[in-house]
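Notes follow once the structure below has been shown.
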Amino acid sequence: MSNEELEQLRASLDDKNMEILKLINERAEIVQKIGGVKSKSGTKRYDPVRERKMLDLIAEENEGPFKTSTLQHLFKQIFKASLEMMGEDEQKALLVSRKKQPDNTVVTVKDEQIGDGNQRLIAGPCSVESEEQVFTVAEALKNRGVNLLRGGAYKPRSSPYDFQGLGVEGLKILKKAGDHFDMSVISEIVTPGDVETALDHLDVIQIGARNMQNFELLKEVGATNKPILLKRGLSATISEFMNAAEYVMSRGNTNLMLCERGIRTYETATRNTLDISAIPILKQETHLPVLADVTHSTGRRDLLLPAAKAALAIGADAVMAEVHPDPAVALSDSAQQMDIGQFNEFIDTLRNEQLLKDGVG
Ligand code: PEP
Ligand code: MN
């Protein structure tokens, strides 16, 4: 083929591109007119039956050389872009998404606001073990201005032979500590049947990583108005995480917070891999407060401080970390909890480096 011939073919290709461009925009104008008619009559813009008819017509009329499946795929992209153009991607816009609500959700827990721009700490033991243990930690936290106390009463352990938590006794101890020190208490609930009891004892119900897709539990807590802290599943994608949050929100509960707590990867140097970029992604994609659990993500005491710095620097609304009076004898997660001295250093460093504001727990 001579150069001249090639140039001519290229020129005809450019002409065709321009024709397609003109036609696609003319098509978009018709779509907008149809959208106008539909919104007057209150009909939904997305109409799968109509889409199917258009795809069938393309199949009937196609003379090649493109395969029908290829053309149908291309046309589906055009249909999708048309809906998006009108902000009407109804199939995709979740209630948790920023598309649905541009303003940040701020969750009020007792007197504390989470997601209001002041970054906070949530701390406490992995498991509630005794009243004395919880009161010791609560007092230490309160002394440093931390008002959000965590502690597990129902522990989802990998081994059935490990400590399973004190159950409702644990919730009672937490509530007593919360009332005594005027703190908010957070604990994980693992069964829909325990949600009602939890309402009386807790200020925040935590749904743990292993239960992120326990849909019956999500629906149950979604039907309450208690603040919910939903953790990302061990192997959940961000989209799966958002859909799990949608289960809660679609039942009416808008008091929802998300918590990145590390995901399973091939890396064994840490217990899980803290997916640090999930924090700004979730902040962009959703309007919910986003937290980072540095204890369960790293599983390493020596990494708690750098991970917390990173999480706060990247925009987490709060950091969660585990604190125990004597981690060496803790009934769960003994390798990664801080003792009280270590916690004091941890919070001092975050405040000295101005990653945490003074006076904000
Ligand atoms: C916890 O926070 O106590 C806990 C068990 O965490 P995760 O669900 O993230 O493993
Ligand atoms: Mn733990």
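Both counts, for ligands and for their atoms, begin at 1 and track the order of listing.
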Interatomic distance, Asp275 atom CG to Glu260 atom CD [nearest 0.5 angstrom]:
5.0 Å

Separation between CZ (Arg150) and SG (Cys126), nearest 0.5 Å, reads 5.5 Å

Just by distance, no angles: are the side chains of Arg232 and Asn272 close enough, under 3.5 Å, to form a donor-acceptor pair?
no

Would you say Arg27 has more than 12 foreign heavy atoms packed within less than 6.0 Å of its CZ?
yes

State the atom name: nearest N, O or S atom of Asp333 to the Mn ion (ligand 2).
OD2

The single option from Ile186, Val185, Asp203 passing side chain to side chain contact (heavy atoms under 4.5 Å, CB included) against Leu149:
Val185

Need one value: angle at the Mn ion (ligand 2), His296 atom NE2 versus Glu322 atom OE2, rounded to 10 degrees.
80°

Side-chain touch Ser127/Gln133, heavy atoms, less than 4.5 angstrom:
no

In residues 204-227, what donor-acceptor pairs under 3.5 Å come from side-chain atoms, sequence neighbours left out?
{"from": "Asn211", "atom 1": "OD1", "to": "Asn214", "atom 2": "ND2", "distance (Å)": "3.1"}
{"from": "Asn214", "atom 1": "OD1", "to": "Leu217", "atom 2": "N", "distance (Å)": "3.2"}
{"from": "Glu216", "atom 1": "OE2", "to": "Lys219", "atom 2": "NZ", "distance (Å)": "3.1"}
{"from": "Thr224", "atom 1": "OG1", "to": "Val221", "atom 2": "O", "distance (Å)": "2.8"}
{"from": "Thr224", "atom 1": "OG1", "to": "Lys226", "atom 2": "N", "distance (Å)": "3.2"}
{"from": "Thr224", "atom 1": "OG1", "to": "Asn253", "atom 2": "ND2", "distance (Å)": "3.4"}
{"from": "Lys226", "atom 1": "NZ", "to": "Leu199", "atom 2": "O", "distance (Å)": "3.1"}
{"from": "Lys226", "atom 1": "NZ", "to": "Leu202", "atom 2": "O", "distance (Å)": "2.5"}

Near ligand 1 (heavy atom, under 4.0 angstrom), the protein residues are Arg150, Lys155, Glu188, Gln206, Gly208, Ala209, Arg210, Lys231, Arg261, His296

